[in-house]
Amino acid sequence: DKLRLDPPEFTVKNYACQRRTPLKHNNTHLTHALELLAESAAFGENEGRSVAFTRAASVLKTLPRSVQRIEELRGLPCLGEHSLRVIKEILEYGASQEVESTRQSEQYQAMKALTGIFGVGVKTADRWYREGVRRPSDLMDSEQKLNQAQQAGLQHYKDLNTCVSKAEADAIGVIVDQAVQAVLPGAQITLTGGFRRGKESGHDVDFLITHPEEGKEEGLMPKVVNWLDTQVGQKGQNSYLESKDGPARPPSNMDRFERCFSIFKLESQSCSPPEREKSHQWKAVRVDLVVSPFSQFAFAVLGWTGSKLFERDLRRYAGQVKNMSLNSHSLFDSHQRCFLRATSEEEIFSLLGLEYIPACDRNA
Ligand code: DCP
Ligand code: MG
């Protein structure tokens with residue numbers, strides 16, 4: 001009874017876009033476990049379950065200190081019965097049986113390895129799994145048909161599953177800027193994705209390209225890709241290896257920008273130029289390029305900065321709370337039946353009636 005009368009330990013808002021989620025937090029032992037279950041549910045194409053675990057983990061990321069007892073979580077949003085059970089077990093015994101057996105399971109490990117191939121999604125990985133494929137190496141001498149992106153993904157498997165550092169991201173930025181300036185002087189590139197949120201490493205490097213003169217950006221992507229392409233073969237230089245054009249995102253996603261998933265060949269950042277010359281050390285790096293018209297740029301930056309859960313909740317909040325529809329192009333007010341213009345992220349938050357959350361606090 002005393003417990004019930006005590007005020008809650010923490011207060012957390014319902015939507016991820018209403019709260020600050022820094023990169024470093026105090027409950028990684030719990031969030032890693034919940035995120036593994038989220039990943040496993042996604043492998044089983046159970047999106048609802050996957051999002052539920054992701055939301056639970058995200059709530060724990062906003063807490064100002066590490067959770068010691070399950071009672072402290074009373075009154076918090078997004079913590080379902082299943083997530084609470086897992087958290088309780090970890091707090092009491094140091095680990096969760098379900099999490100550990102999932103981690104060890106053949107299916108989880110195979111799906112993790114196979115979806116780790118550039119160009120391979122859950123559906124393909126699952127089909128291969130049911131046909132007996134367990135590891136990327138199983139694909140080398142099998143009958144399975146691989147498209148061009150997947151072949152590149154297999155070829156550079158190790159590199160592409162090694163984290164990209166901020167230094168490498170910056171080096172890629174220099175190359176992309178060179179290419180963009182060569183084909184459209186005055187164009188601007190912006191680093192988005194995890195690196196814009198302050199991450200020190202990521203699985204790829206995301207860039208948004210625009211030009212202050214509306215319309216100049218039209219047809220830019222093929223020119224940039226072509227410029228990068230012609231750099232291949234220049235010995236010892238950074239170059240462009242592979243591209244995979246969109247749309248690779250689910251059709252439900254309303255993104256209609258010119259987009260290109262690429263693989264760059266980047267000279268090793270860790271050794272000095274003379275050493276590099278001798279050893280020809282380089283690394284394959286995934287790069288995601290998106291072109292946006294200037295008038296949509298604020299929406300595009302907001303939409304491509306993430307995190308994925310932050311984006312999901314921004315859109316959900318817009319729809320459920322404000323009767324508006326938000327995507328990476330625009331904000332539509334369904335009540336007034338008109339599009340609301342904005343030239344900065346701050347303005348978009350304000351139109352949504354939200355307190356501004358800087359990119360470094362969008363690590364939901
Ligand atoms: N994005 C999204 N929905 C998708 C794909 C992307 O909202 N289906 C947005 C949010 C992401 C951003 O684009 O943060 C970049 O996508 P990434 O997959 O590169 O994600 P991150 O950059 O956040 O993480 P990582 O460090 O793993 O690259
Ligand atoms: Mg990224």
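Numbering of ligands and ligand atoms starts at 1, following listing order.
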Min N/O separation [X] to ligand 1 under 3.5 Å:
X    : result
D206 : yes
G202 : no
S201 : no
K199 : yes
E311 : no

Taking atom types as modelled, find out whether [X] and [Y] have a side-chain donor-acceptor pair closer than 3.5 angstrom.
X    : Y    : value
T305 : R196 : yes
Q68  : S66  : yes
E347 : T343 : yes
N147 : Q151 : no
R65  : N26  : no
Q188 : T210 : no

First locate atom [atom1] of [X], then atom [atom2] of [Y], and finally report the distance between them rounded to the nearest 0.5 Å.
X    : Y    : atom1 : atom2 : value
L34  : L37  : CG    : CG    : 6.5 Å
L289 : I172 : CG    : CD1   : 9.5 Å
F195 : D170 : CZ    : CG    : 8.5 Å

Quick one: sort the H156 and W282 rings into parallel, tilted or perpendicular, breaks at 30° and 60°.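 Ring orientation, 0 to 90° scale: perpendicular.
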Are G303 and ligand 1 in contact, using a heavy-atom cut-off of under 4.0 Å? yes
Could you list the atoms of ligand 1 found under 4.0 angstrom from a heavy atom of [X]?
X    : value
G306 : 10 (C), 11 (C), 14 (O)
K308 : 5 (C), 17 (P), 18 (O), 20 (O)
D204 : 19 (O), 28 (O)
R197 : 14 (O), 23 (O)

Just wondering, are more than 12 heavy atoms of other shown residues or ligands nearer than 6.0 Å to CD in E214? yes
If we only count heavy atoms from C-beta on, is the F118 to R286 side-chain gap below 4.5 Å?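 Touching, per the 4.5 Å side-chain cut-off.
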Tell me which part of T305 gets within contact of ligand 1: side chain, backbone, both or neither, using heavy atoms under 4.0 Å. backbone
Taking heavy atoms and a distance under 4.0 Å, where does R312 meet ligand 1: side chain, backbone, both or neither? neither
Take the Mg ion (ligand 2) and tell me which protein N, O or S atoms are nearer than 2.8 Å.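 Protein N/O/S atoms under 2.8 Å of the Mg ion (ligand 2): D204 OD1, D206 OD2.
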